[in-house]
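The shown structure was predicted, so the numbers you read here are calculated from the model rather than taken from an experiment. In what follows, chains are A, B, ... by sequence order, proteins preceding strands, each numbered from 1.
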Number of protein chains: 2
Amino acid sequence: MSLEHAILVSLAERSASGYDLTRRFDKSIGHFWKASHQQIYKVLGRMEKGDLVSAAVVEQDGRPDKRVYEITADGRHELRDWTVLPTPVERLRSDFAVKIRGMQFGDRDAMVTDIGRHRDAHQGQLDFYLADAAKHYPGDVSDEDLGAYLVLRGGIRYEQGQIEWLDEMLERLASR
Amino acid sequence: MSLEHAILVSLAERSASGYDLTRRFDKSIGHFWKASHQQIYKVLGRMEKGDLVSAAVVEQDGRPDKRVYEITADGRHELRDWTVLPTPVERLRSDFAVKIRGMQFGDRDAMVTDIGRHRDAHQGQLDFYLADAAKHYPGDVSDEDLGAYLVLRGGIRYEQGQIEWLDEMLERLASR
DNA sequence: AGGAGCATGTAACTAGTTACATGATTGT
DNA sequence: ACAATCATGTAACTAGTTACATGCTCCT
């Protein structure tokens with residue numbers, strides 16, 4: 001159900017079409033909750049029925065019409081109510097960790113290569129986050145931006161932790 | 001499809017019934033891949049049809065019969081082949097992060113409480129991992145245990161990173 | 001007498017993925 | 001001519017969750 005909430009947060013920040021949301025879910029908010037356009041359109045339809053969002057058709061020239069969604073008062077209430085409920089503490093669910101765990105039954109060389117790939121990918125993501133932080137939050141953070149900033153900080157710490165772990169593994173595996 | 005691989009890894013370590021696997025998925029391997037017993041029985045059935053595992057009915061006295069699953073040669077091949085393929089780099093998918101991101105639209109006090117709850121939960125998990133590491137790997141780690149050890153190291157780093165992030169948030173929010 | 005543990009399932013549902021579909025405009 | 005961007009969907013499928021079901025033994 002949390003795609004609904006992610007959409008509500010995104011629309012509370014700024015109204016958008018399904019297409020706009022899809023792009024947002026490819027970056028910013030999508031860094032910690034990804035969604036395909038198919039899923040987004042499906043959920044938007046359900047949310048419109050539930051009066052959490054309302055749609056307005058906007059005609060454009062040279063481009064197809066679009067349905068711009070706006071959060072409703074009900075939607076804002078739902079969002080606030082949701083923040084009051086305790087969030088279940090999530091467990092990790094990692095394909096990669098399962099594979100590491102099964103290392104002894106696999107191909108050691110291929111796995112070292114794969115660990116290196118992951119290291120590079122996480123380094124890339126970290127660089128992206130750091131650039132983003134430097135660009136958007138060079139000084140004090142406004143109350144309005146605090147949530148986005150804190151999540152970005154979480155992303156940075158996560159990527160750093162991953163890189164440290166991946167490096168630790170590479171070091172251990174190099175000496176065998 | 002990765003529950004299959006998680007089960008293969010677990011059965012490669014030691015044969016087990018669906019019930020045994022369920023308990024394992026409540027601890028050890030379940031720390032980074034959780035699964036319900038319903039899902040486990042369903043997947044075991046599919047895997048048996050695909051000859052990745054084979055079952056033997058074991059009669060017990062004072063307890064119900066059980067079907068003990070063993071990994072087959074095909075299963076071991078599948079596991080090895082899987083380790084050779086590159087693992088897609090996963091993005092985070094976090095309800096909690098979405099909620100933090102939407103902080104400005106929610107109840108600040110409730111969220112501070114929730115962050116505290118998460119902090120405690122992650123501290124508890126970290127303590128558990130540290131005790132596990134101290135108990136099982138006080139000295140050198142054998143080749144056989146390396147995968148499990150490295151994943152445990154990953155878990156420790158992950159929990160530490162989370163706690164640091166949660167503390168950072170609590171500190172920032174206390175001063176507003 | 002009641003609850004916890006052992007043991008295995010079915011049924012109904014929700015969320016999410018993958019593949020396919022359409023059609024206009026703008027840039028190379 | 002061809003690809004990319006804008007824009008919105010349907011259809012078929014897979015994975016996972018929640019609720020329900022059964023029945024025996026051991027412990028308090």
Between [N] atom [atom2] and [X] atom [atom1], what is the distance in whole Å?
X     : N      : atom1 : atom2 : value
A:H37 : D:dG9  : NE2   : C1'   : 8 Å
B:L21 : C:dT8  : CG    : C1'   : 13 Å
B:D20 : C:dG5  : CG    : P     : 15 Å
B:E48 : C:dG9  : CD    : C1'   : 14 Å
B:D65 : D:dG23 : CG    : C1'   : 12 Å
A:D26 : D:dC6  : CG    : P     : 11 Å
B:H5  : D:dA15 : NE2   : P     : 11 Å
B:Q39 : D:dA19 : CD    : C1'   : 15 Å

Mind checking if A:Q38 touches a base, just sugar-phosphate, or nothing, with heavy atoms under 4.0 Å?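 Base contact.
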Classify the nucleic acid contact of A:T22 as base, sugar-phosphate or nothing, counting any heavy atom under 4.0 Å across all strands shown.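 The residue A:T22 makes no contact with any strand.
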Given [options], which nucleotide is nearest the side-chain atoms of [X]?
X     : options               : result
A:Y41 : D:dT8, D:dT17, C:dT8  : D:dT8
B:S36 : D:dA7, C:dT17, D:dT17 : D:dT17
A:K42 : C:dT8, D:dG9, D:dA12  : D:dA12
A:Q60 : D:dT8, D:dA7, D:dT17  : D:dA7

Report yes if the distance between the aromatic ring centroids of A:H118 and A:F96 is under 6.0 Å, otherwise no.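 Ring-ring flag for A:H118/A:F96: true, centres closer than 6.0 Å.
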Would you say the ring centroid of A:F128 lies under 6.0 angstrom from that of A:H31?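 Here the rings of A:H31 and A:F128 have centres that are less than 6.0 Å from each other.
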Hey, does the side chain of [X] come within less than 4.0 Å of [N]'s phosphate (OP1/OP2), counting only N and O?
X     : N      : answer
A:R46 : C:dT14 : no
A:Y19 : D:dT8  : no
A:K34 : C:dT17 : yes
A:S17 : D:dT8  : yes
B:R63 : D:dC26 : no
A:R23 : D:dC6  : yes

Less than 6.0 angstrom from the centroid, inside 45 degrees of the normal: does B:R93 satisfy that with respect to the ring of A:W33?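 Judged by the rule, B:R93 and A:W33 form a cation-pi pair.
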Can you name the closest pair of heavy atoms from A:A121 and B:V89 and give their distance?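 Minimum heavy-atom contact is CB-CG2, 3.7 Å.
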For DNA chain C, whose closest nucleotide is more 5', that of A:P64 or that of A:E4?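 Its nucleotide being nearer the 5' end, the pick is A:E4.
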Are a donor atom and an acceptor atom from the side chains of B:S17 and B:R67 found within less than 3.5 Å of each other?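 No donor-acceptor contact under 3.5 Å links the two side chains.
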Just by modelled atom types, is the B:Q39 backbone N or O under 3.5 Å from a matching donor or acceptor in the B:S36 side chain?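 Such a contact is found between B:S36 side chain and B:Q39 backbone.
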